[in-house]
Novice: 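Have a look at this one before I ask anything.
Note that the coordinates shown come from a computational prediction; the quantities given were computed from them, not determined experimentally. Atoms considered below: every heavy atom in the structure, side chains included; atoms not considered: hydrogens, waters and symmetry mates.
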Amino acid sequence: MPFIPHTEEEVAQMLAAIGVDDIEALFDEIPADIRCQSLDDIPPAATEMEVTREVQQMAERDAGALNFIGAGAYEHHIPAAVWQLTTRGEFYTAYTPYQAEASQGTLQLIYEYQTMMAGLTGMDVSNASLYDGASALGEAILMAVRVHRKSKSKKVLMPTSVHPAYRATAKTVVKHQGIELVDLPIDADSGRVDPAALAAFSGEDITALVIPQPNFYGVLEQADELTAWAEGNGTLVIGLVNPFTLAILKPPGEWGANGADIVCGDGQPLGAPLSSGGPYYGILCCKQQHVRQMPGRLVGRAIDADGKQGFVLTLQAREQHIRRSRATSNICTNQGLVVTASTIHMALLGPVGLRNAAAASLANTHRLVEKAAALGITPRFSGDHFHEVALKLDQPAAPVLEKMATAGVLGGYDLGRDDAELADAILVCVTETKTDADIDRYIDALKAAQEPSAPSR
Amino acid sequence: MPFIPHTEEEVAQMLAAIGVDDIEALFDEIPADIRCQSLDDIPPAATEMEVTREVQQMAERDAGALNFIGAGAYEHHIPAAVWQLTTRGEFYTAYTPYQAEASQGTLQLIYEYQTMMAGLTGMDVSNASLYDGASALGEAILMAVRVHRKSKSKKVLMPTSVHPAYRATAKTVVKHQGIELVDLPIDADSGRVDPAALAAFSGEDITALVIPQPNFYGVLEQADELTAWAEGNGTLVIGLVNPFTLAILKPPGEWGANGADIVCGDGQPLGAPLSSGGPYYGILCCKQQHVRQMPGRLVGRAIDADGKQGFVLTLQAREQHIRRSRATSNICTNQGLVVTASTIHMALLGPVGLRNAAAASLANTHRLVEKAAALGITPRFSGDHFHEVALKLDQPAAPVLEKMATAGVLGGYDLGRDDAELADAILVCVTETKTDADIDRYIDALKAAQEPSAPSR
Amino acid sequence: MLIFEHSTPGRRATAQAPATTAEIDLPAQFLRRSDTGLPEVSEMQAVRHYTRLSQKNFSIDTHFYPLGSCTMKYNPRACNSLAMLPGLLQRHPLAPESHSQGFLQMMFELQEMLKAVTGMAGVSLTPMAGAQGEFAGIAMIRAYHDDRGDAARTEILVPDAAHGTNPATAIMCGYKVKEIPTDEQGDVDLAALKAAVGPQTAGLMLTNPSTLGVFERNIMEIGRIVHEAGGLLYYDGANLNAILGKVRPGDMGFDVIHMNLHKTFSTPHGGGGPGSGAVGVAERLMPYRPVPVIARDGGRYRWLTEDDLPKTMGRLSAFGGNAGVLIRAYIYMRMLGASGMPRVAEFATLNANYLEQRLRDAGFEAAFPDRRASHEFIITLKKQAKELKVTAMDFAKRLLDYGYHAPTTYFPLLVPECLLIEPTETESKEEIDGFIEAMIAIQREAETDPDTVRSAPHTMPNRRFDEVTAARTPDLKWQAGE
Amino acid sequence: MLIFEHSTPGRRATAQAPATTAEIDLPAQFLRRSDTGLPEVSEMQAVRHYTRLSQKNFSIDTHFYPLGSCTMKYNPRACNSLAMLPGLLQRHPLAPESHSQGFLQMMFELQEMLKAVTGMAGVSLTPMAGAQGEFAGIAMIRAYHDDRGDAARTEILVPDAAHGTNPATAIMCGYKVKEIPTDEQGDVDLAALKAAVGPQTAGLMLTNPSTLGVFERNIMEIGRIVHEAGGLLYYDGANLNAILGKVRPGDMGFDVIHMNLHKTFSTPHGGGGPGSGAVGVAERLMPYRPVPVIARDGGRYRWLTEDDLPKTMGRLSAFGGNAGVLIRAYIYMRMLGASGMPRVAEFATLNANYLEQRLRDAGFEAAFPDRRASHEFIITLKKQAKELKVTAMDFAKRLLDYGYHAPTTYFPLLVPECLLIEPTETESKEEIDGFIEAMIAIQREAETDPDTVRSAPHTMPNRRFDEVTAARTPDLKWQAGE
Ligand SMILES: Cc1ncc(COP(=O)(O)O)c(C=O)c1O
Ligand SMILES: Cc1ncc(COP(=O)(O)O)c(C=O)c1O
């Protein structure tokens with residue numbers, strides 16, 4: 001009986017104490033006619049040894065290719081210490097720190113996280129995490145609507161340069177509450193929000209404007225100008241950022257005159273492995289005055305009965321377990337362990353390590369762009385980009401990517417999946433993990449894949 | 001400066017406190033003419049990211065083959081919990097527990113280890129580990145000579161069925177102290193010690209007899225008879241065991257009438273991965289009356305100033321840091337962390353888990369022998385064997401093994417490496433880690449490798 | 001001390017910083033001028049700081065943790081080491097299917113096992129926690145009614161014992177919430193339910209066993225009432241551990257369920273997450289499942305997306321949910337196998353009933369003395385609170401001093417001074433007996449030395465906190481120069 | 001509580017036991033009849049037990065550990081995770097060279113780096129700890145003399161400050177030991193050395209800097225004296241951290257050395273081991289290196305064995321030593337690189353001299369006040385012992401209460417009431433300053449409240465032990481039925 005410590009003798013003692021004959025008797029309140037008959041579709045128990053071997057084989061099956069896909073999930077070096085510490089039993093197997101006295105480890109760590117994330121984004125306050133970047137965007141929009149009581153339209157401008165899966169997720173989250181997500185088109189040349197398109201909304205009651213930085217195409221939005229427009233229009237600004245880039249890019253707290261009101265994004269690039277899409281975590285930061293509309297947990301410093309400093313979950317009256325149907329969100333379990341990893345990751349890299357990793361990513365991307373130019377392949381968009389860039393081919397991207405994959409190079413994201421007009425474009429990401437040799441291998445694979453296949457004999 | 005936390009400002013403060021101008025001044029007592037000029041042969045510093053990638057590639061290069069080699073190092077399933085707990089910083093980065101009050105974790109664990117190992121071997125006392133099985137055999141012989149003061153010959157009978165590398169190591173360890181290791185031949189048919197050869201020594205002053213169980217060829221020695229001979233001859237018995245087999249085999253403490261006097265062996269099969277040969281650990285157990293001649297550390301229970309029970313290093317007067325040139329051995333650092341893993345491993349398997357793993361190994365070996373018989377290949381020796389068996393081919397083993405390796409199967413140990421008469425024999429080990437499909441793959445590879453190669457065209 | 005207080009400006013003690021001399025060739029308008037405020041510490045300082053911090057936590061790996069409704073059971077270490085295999089960690093979520101067959105196979109098999117053990121027709125793994133599973137489920141109910149043009153259904157019914165996420169979720173899905181009272185025996189008040197249902201009823205959310213620690217005996221009747229009114233039945237799977245392999249939500253008549261894989265399927269709680277709230281649906285809700293879902297076509301596995309499920313309630317995350325959590329649940333289920341599933345419920349229930357009975361024998365008052373405990377049960381300390389002025393919170397805090405994590409306190413809301421106690425199946429009789437002795441000892445203290453209990457804990461890194469002041473003037477981050 | 005006290009007969013709570021119905025078809029004479037006595041606990045009980053046990057340890061990952069002669073510095077976590085890669089763990093030591101090139105390449109490069117940083121002609125990685133390296137080294141010296149037919153050399157010279165392993169090793173190699181005194185300034189007494197050497201001298205073992213925490217200034221003269229007498233010079237590398245990249249044993253004239261990779265090259269001490277005592281030799285000892293050694297032939301790597309080195313001093317282990325430790329050292333050296341090597345010595349020395357100076361400023365007495373500290377130094381508390389009856393041991397134990405591991409006490413033997421203090425280069429000024437403050441506070445306590453110091457520690461899991469009784473009636477294992 002894996003994991004069940006009872007011996008027959010103990011079971012007998014326990015049953016006697018309860019006063020029943022067998023364990024089955026403990027289920028006598030369940031109507032007999034609905035009792036489960038069999039679980040034949042579930043395989044028999046396997047030992048740890050057997051499962052280990054199977055899973056190792058499955059893991060190896062997917063491994064080995066050189067990855068240049070980003071598109072919302074980024075391959076970075078994670079110091080070995082990060083997950084060795086994070087998976088210590090005391091972090092890994094603890095519950096939500098409701099009992100503060102027995103949870104100071106987790107609580108202090110989250111307080112440190114909140115401090116780091118507020119610093120990185122330039123915002124006043126960070127919460128303790130939401131599920132991921134996409135759902136955090138949804139929560140940020142709900143929050144903006146709650147915060148901006150004066151605005152009655154519940155219209156939110158959503159640039160089409162926001163990650164398509166983020167747009168879909170945000171829509172799922174907000175659509176039942178009468179909120180309208182209005183597409184804000186981009187300039188097809190620069191790849192960023194079209195100022196003219198934005199100007200068309202001037203004077204209209206717009207609750208909030210989402211500004212992705214960098215945007216889905218890796219292009220930098222003119223965040224200051226966009227924020228200035230919003231400030232002039234009485235519109236809240238929701239920044240959607242990749243926190244890794246904030247070592248170099250202007251933080252949303254400094255956009256425009258007063259900065260963004262709410263900032264969201266995905267914390268994955270700060271210590272979470274790619275891991276097939278999760279667990280990552282959602283970032284949510286805001287200005288001080290909005291904090292009581294924030295969803296998710298918050299840790300605050302507190303004083304104990306001895307006057308000693310410590311940490312507690314605070315402002316819980318916003319949350320479902322206290323406020324129930326009037327809570328700021330239904331979120332309960334969040335992504336705590338990934339935040340643990342991320343906090344340790346940020347502490348280990350420090351300001352210089354993070355900046356250097358970001359600068360190296362930027363430089364590597366430029367190197368790839370230069371080498372691609374030698375093949376006659378150039379960026380699809382003219383706007384400045386960070387560590388991700390859309391390359392335009394002279395043919396449909398999908399079969400080229402397929403051939404590259406066969407050669408062991410995952411060449412990027414096929415932009416034609418979401419937009420037929422970009423069917424000849426690949427979104428490529430180059431992080432600090434890539435060497436010059438890797439980039440050469442990319443270029444070689446791309447070159448070979450572009451050539452018409454030799455006719456099969 | 002990886003790992004060095006000093007800032008320039010702090011260095012200046014520290015130098016000022018010392019009263020020197022620069023760090024270089026702190027080396028002014030070293031004669032200038034021998035100062036190190038350059039370290040050009042050492043590569044430049046690499047980041048963790050760079051080294052990680054290189055080492056991963058080197059690790060992958062050696063991986064992937066199906067291993068049937070034993071010969072002193074055995075592939076077993078190790079529960080995932082074992083090394084996750086063992087590499088917790090508090091175990092991994094602690095020093096030898098000289099400061100008992102700050103080391104109760106390690107001390108109690110070793111006490112538990114001593115209890116388990118004494119139980120497994122059926123002996124009174126276990127120490128806290130030696131380096132490995134081979135060097136432990138050397139120490140066991142030195143100990144036997146110290147213990148058996150009445151015997152003047154310093155002659156120790158060493159069956160040729162003892163692992164060749166163990167014999168070589170034991171010789172290295174004991175040869176400077178006037179000890180003679182006398183070869184005790186085996187019966188070429190059964191593969192175990194020849195009773196007639198042993199009888200030839202009856203009445204002679206023999207300090208000790210080594211009994212390997214199972215022996216190098218996987219064959220079971222007639223330990224009871226051999227022990228009885230030694231008891232009759234006033235000769236000490238040194239048992240050399242694979243502790244994994246003791247879940248099933250009679251423990252050396254029960255051999256003959258009074259059991260072995262000293263027991264050694266390698267702890268690797270109890271929780272240490274193959275890991276290219278180490279770190280493993282050496283087992284050393286003995287009868288109570290010999291304990292003060294034991295080399296290595298011992299942990300004992302003790303009472304503290306509050307009357308509370310705890311654990312300390314004890315009988316330290318045997319050790320080099322106290323007794324110096326009159327110590328029982330020069331050993332200081334031992335294999336503590338592997339003992340930590342092994343203790344956790346034994347606790348997780350428990351008596352039934354260990355027995356089942358041993359029984360499954362035995363059954364798997366029999367299965368392989370049966371299937372090999374269908375190819376006309378039979379065991380080289382007639383003695384009963386445990387989970388390792390010498391198979392006799394009709395041709396030299398070395399090229400067969402080479403071909404099998406090319407096919408991804410490490411087919412066993414070439415016995416011809418140590419004994420030209422066994423050049424057609426392979427020592428094969430099958431543990432509980434091997435499935436029926438693995439065994440079939442072995443047989444297929446063996447069959448293919450035996451066939452004369454197709455002439456290359 | 002905070003990590004920031006270990007920081008020294010200019011420290012560069014890291015092998016983590018890639019050397020780079022590259023200029024940042026971006027226009028100045030995009031560039032950061034301010035500091036990030038990240039700490040500057042050596043690798044050892046960080047390791048030491050976080051190792052020591054971790055030691056201040058209670059956890060399953062160190063303590064008995066009988067937290068009702070949370071299912072704090074053993075998290076097998078193999079689940080962790082295997083989920084952390086480089087091949088799994090390094091797989092990009094958008095890797096082509098040709099490079100994803102191993103992962104997809106595991107996920108497909110997980111879906112199949114979850115279907116089998118819940119009796120549902122289909123499963124989607126994408127929700128990232130129970131609450132998101134609830135959201136997905138209620139949104140599917142809404143999509144179903146909308147799809148049929150049944151626009152009048154504006155209400156979700158929720159028993160008063162429900163978890164806070166239930167009403168909060170209904171609101172997020174645009175519904176009104178109507179509470180249904182509980183009867184004396186802990187069952188849903190059927191008369192009240194009958195009075196509440198109607199053409200405005202979109203559905204009922206139910207946990208079974210409920211958070212009162214008892215099995216809802218009238219479940220088939222409740223299903224009939226709601227279904228006849230045209231509503232659907234939602235199962236909050238937080239308590240699935242109690243009935244795993246014994247009775248299946250699908251067979252109880254539920255149309256849609258979520259499962260907390262971090263409870264019943266033993267993925268770790270991680271100090272607050274991540275979890276997984278996989279959803280299961282009956283046949284009629286199949287078209288509305290959240291995407292992506294994994295399918296097998298011949299021998300290959302592939303994602304189903306909006307193209308395959310055009311009526312999907314939508315996407316819940318950028319990719320496919322908490323894959324690393326799902327892998328852990330997969331491994332756990334494989335190790336339990338078919339025979340292990342009912343054992344979970346059996347021994348969780350045995351432990352709970354034994355613990356309840358022993359506490360009652362010792363004089364503690366059960367909230368539902370006439371009922372069987374499920375995998376958890378409620379003790380009410382209202383007598384102690386009234387007569388001794390020692391509250392449930394005092395007991396909870398004092399338990400920490402005895403080396404036991406506190407049970408859930410003051411939930412569910414309808415039982416005064418309650419402790420909701422869930423020992424789980426992985427705890428031994430020895431551990432449970434120790435807890436019982438601690439409870440008895442505290443009761444004795446409450447009678448003879450109540451101040452010790454009221455001022456507990458005494459052995460933790462901190463004593464009780466002034467939470468009111470903390471919430472009044474929130475201090476949510478460290479400020480440089482403090 | 002011991003793990004055995006958690007055991008219950010008949011418990012089978014494991015996913016680790018392979019199912020087997022196989023009969024044991026061996027003759028009865030070979031079979032075990034008695035119990036093994038192994039505990040029967042659940043996986044969670046084991047995890048909880050050993051997790052909690054671990055928390056009772058001080059360690060580098062939790063505490064400052066200024067243990068002189070032991071070099072307790074930060075052990076980079078990458079060394080652990082990489083050494084634990086499945087591909088490295090699963091490699092059988094006897095795998096054919098075709099399946100070993102990755103491993104052999106690392107080991108070859110490690111040999112080369114160690115040669116470069118020590119100035120020796122050849123390196124063998126096989127010794128499994130410092131003491132086994134010493135054994136290999138002295139056995140090589142013996143093999144060298146024997147090979148030349150120089151059989152009269154029966155003595156090894158050892159300074160009185162030497163580590164206990166030095167004399168113990170000489171004895172194991174069949175030598176007599178002659179102690180050489182130390183002069184007032186901590187150098188070897190040259191006159192005594194000159195008087196001691198002769199045709200009976202096989203060699204001299206020396207640590208430099210010595211365990212007195214000072215650099216042996218007359219090292220070249222010492223080498224000349226020993227070499228002229230026909231003896232060889234052995235370097236005990238335990239203190240290599242002090243001079244790494246600043247001066248090389250080979251350039252100081254040593255013929256053979258060992259290196260404690262678990263000290264200078266930062267592999268963890270593991271609560272007592274494993275370590276590695278790799279040896280380096282000068283040209284004339286090359287034929288005697290312990291086997292195996294790794295060689296490069298063209299682009300391939302291979303083992304050298306007895307066939308290649310017929311005069312080898314022999315084999316020291318069944319395979320090639322503590323490979324897992326060697327991999328960790330390799331990774332560490334690669335991360336330091338050429339520029340990182342001298343930095344180790346520089347900052348270790350800076351920390352030691354700073355700490356010594358600050359303690360002296362606070363009134364503590366240095367054992368060698370006229371000398372530079374190397375990477376460690378000695379404080380003598382003989383005044384405190386005499387005047388306040390507070391000993392070095394009392395200070396050491398009291399430091400535990402202040403959260404610092406004790407320095408090495410009562411070693412080396414020739415300095416009364418000594419503390420041998422080694423901060424290492426990876427400790428920050430902040431941590432060192434904290435230690436200084438603790439020492440000052442304890443000194444104040446020793447003056448005003450000496451009993452508190454004498455009865456320390458007060459905050460550990462245990463108080464001081466009665467070690468005498470423990471040794472008199474040793475209790476070395478738990479007995480069933482206790
Ligand atoms: C009864 C019940 N329902 C729902 C939830 C919410 O699940 P999650 O925390 O995973 O979002 C919980 C979790 O605490 C619960 O106990
Ligand atoms: C000076 C000195 N020499 C030799 C040794 C022995 O090394 P090991 O413990 O690795 O056998 C030590 C270790 O403590 C030491 O400090």
Novice: Select one option (side chain, backbone, both, neither) describing which atoms of D/Tyr74 are under 4.5 Å from chain B's heavy atoms.
Specialist: side chain

Novice: Which atoms of B/Val339 are under 4.5 Å from chain D, going by heavy atoms: the side chain, the backbone, both sets, or neither?
Specialist: neither

Novice: With a 6.0 Å cut-off on the ring centroids, do D/Phe347 and B/His6 count as close?
Specialist: yes

Novice: Please tell me whether B/Thr93 and D/Asn75 have a donor and an acceptor in their side chains that are separated by less than 3.5 angstrom.
Specialist: no

Novice: Pick one: which of D/Arg217, D/Lys246, D/Arg372, D/Arg371 meets salt bridge (charged side-chain N to carboxylate O under 4.0 Å, His left out) with B/Asp28?
Specialist: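 That would be D/Arg372.
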
Novice: Heavy-atom distances under 4.5 Å only: say whether D/Leu336 touches chain B with side chain, backbone, both or neither.
Specialist: both

Novice: Quick one: sort the D/Phe319 and B/His163 rings into parallel, tilted or perpendicular, breaks at 30° and 60°.
Specialist: perpendicular

Novice: Do D/Gln132 and B/Ser135 pair up side chain to side chain, a donor and an acceptor below 3.5 Å, judged on atom types alone?
Specialist: no

Novice: Taking atom types as modelled, is there a side-chain donor on D/Asn322 or B/Tyr131 under 3.5 Å from an acceptor on the other?
Specialist: no

Novice: Determine whether B/His77 and D/Gln16 satisfy the following criterion, side-chain contact (heavy atoms from CB on, under 4.5 Å), listing intermediate values before the conclusion.
Specialist: CA-CA 8 Å; B/His77 170 66; D/Gln16 308 300 345; 2.9 Å; yes

Novice: For the residue pair B/Glu10 / D/Tyr354, report whether a side-chain donor-acceptor contact shorter than 3.5 Å exists.
Specialist: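 No.
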
Novice: Please flag which part of B/Glu254 lies under 4.5 Å from any non-hydrogen atom of chain D: side chain, backbone, both or neither.
Specialist: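 The side chain, not the backbone.
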
Novice: Assess the side chains of D/Arg315 and B/Thr172: does a donor N or O sit below 3.5 Å from an acceptor N or O?
Specialist: no

